There are 2 protein chains.
Amino acid sequence: MTDDMLSAQFAALADPTRRAILARLSQGEASVNDLAAPFAVSLPAISRHLKVLENAGLICRSRTAQRRPACLDPHALRGIADWIEQYRPFWEAGFDRLDGYLEQLQAGDGDGPRH
Amino acid sequence: MTDDMLSAQFAALADPTRRAILARLSQGEASVNDLAAPFAVSLPAISRHLKVLENAGLICRSRTAQRRPACLDPHALRGIADWIEQYRPFWEAGFDRLDGYLEQLQAGDGDGPRH
DNA sequence: TCCTTATTTAACAAGATGATTAAATAAGGA
DNA sequence: TCCTTATTTAATCATCTTGTTAAATAAGGA
């Protein structure tokens, strides 16, 4: 998972319409028309949202006749989940226990907290 | 966790400089000057990144003399972790087992997958 | 008070984003 | 071939984001 990919995925997830699209796709594949139905936006807008999600590796597309259904990429959110996981001690520990955790931390250089 | 808050947090995390700032803060609080040091950007730019992170509820600020150190909000990533968690079955199940999972899914309306 | 340090605000330019409508393309069917 | 359905591309626009530099503000110390 490159830093750019992580940025692309977080950016893709920052839009509520795109999150709703993912929620819909979690129930099974759907065409652009299907996905557009619940929203007050045009077809081209949905088409572009799908492109953003696809570029972020969150969905994949297929082809059935004129339709180009989208489906969740099963491995989609793995990278983000792993990134978030680095910070789990910070929300699992209370403030008090966090102090102890920080004292145990060794300095180091990298992209995330050291454990 | 409102939908707007989730959007703000994902948007905040979409920037690599801001993720690096969080990584630095995971080792303890730091001032704007401290945080700016590793980057080739101006102080005002860092100051604004901190505002974005603060508005997203990911960090908090304090005051010591002229300094306004930032520190991780311990509960920061909880909401995002919970959101991601909804999709865990999709990356934990293989493609095959996912088919079975999807067959068991009941239709419904909401913001995330039904379990 | 004047000076220094730390940080923020203001004003601005460049680029990205998200939406629209109209037109183009793709695939099938009468 | 002509028509219909599904989707994408093009052109355009308004808004948001990110960065800059210069100036303002905040807090302490000589």
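Bear in mind the structure is a predicted one, so any value in this text is a computation, not a measurement. Chain letters run A, B, ... following the sequence lines, proteins first, then strands; residues in each count from 1.
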Base, sugar-phosphate or nothing for [X]? Non-hydrogen atoms, less than 4.0 Å.
{"X": "A/Ala12", "answer": "nothing"}
{"X": "A/Ala14", "answer": "nothing"}
{"X": "B/Val41", "answer": "sugar-phosphate"}

Quick one: is [N] close enough that its OP1 or OP2 comes under 4.0 Å of any side-chain N or O from [X]?
{"X": "B/Ser47", "N": "C/dT7", "result": "no"}
{"X": "B/His49", "N": "D/dT17", "result": "no"}
{"X": "B/Asn33", "N": "C/dT5", "result": "no"}
{"X": "B/Ser42", "N": "D/dG19", "result": "no"}
{"X": "B/Arg68", "N": "C/dT8", "result": "yes"}
{"X": "A/Lys51", "N": "D/dT7", "result": "no"}

Backbone of [Y] reached by a side-chain donor or acceptor of [X] within 3.5 Å:
{"X": "A/Arg18", "Y": "A/Ala11", "value": "yes"}
{"X": "B/Ser7", "Y": "A/Asp15", "value": "no"}
{"X": "A/Glu54", "Y": "A/Ile59", "value": "no"}
{"X": "B/Ser31", "Y": "B/Pro69", "value": "no"}
{"X": "A/Arg19", "Y": "B/Asp3", "value": "yes"}
{"X": "A/Tyr87", "Y": "B/Ala23", "value": "yes"}

Roughly how many Å is it from [atom1] in [X] to [atom2] in [N], rounded to a whole number?
{"X": "A/Leu43", "N": "C/dA24", "atom1": "CG", "atom2": "P", "value": "18 Å"}
{"X": "B/Arg48", "N": "C/dC12", "atom1": "CZ", "atom2": "P", "value": "14 Å"}
{"X": "A/Ile21", "N": "D/dT7", "atom1": "CD1", "atom2": "C1'", "value": "14 Å"}
{"X": "A/Leu35", "N": "D/dT8", "atom1": "CG", "atom2": "P", "value": "10 Å"}
{"X": "B/Asp15", "N": "C/dA16", "atom1": "CG", "atom2": "C1'", "value": "13 Å"}
{"X": "A/Ile46", "N": "C/dA19", "atom1": "CD1", "atom2": "P", "value": "8 Å"}

Intra- and inter-strand pairing of DNA chain C, written as dot-bracket with Watson-Crick and G-U pairs under 3.5 Å and | for the latter, reads ||||||||||||||||||||||||||||||
Q: Using a cut-off of strictly less than 4.0 Å between a heavy atom of the residue and any atom of DNA chain D, enumerate the qualifying residues of residues 53-67 of chain B by number.
A: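 Contacts with DNA chain D under 4.0 Å: B/Arg63, B/Ala65, B/Gln66.
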Considering residues, nucleotides and ligands other than [X], do more than 12 of their heavy atoms fall under 6.0 Å from its [atom1]?
{"X": "B/Arg68", "atom1": "CZ", "answer": "yes"}
{"X": "B/Arg78", "atom1": "CZ", "answer": "no"}
{"X": "A/Arg67", "atom1": "CZ", "answer": "no"}

Are A/Met5 and A/Val52 connected in the hydrophobic side-chain network, where two residues link if heavy atoms are under 4.5 Å apart?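 Each belongs to a different hydrophobic cluster.
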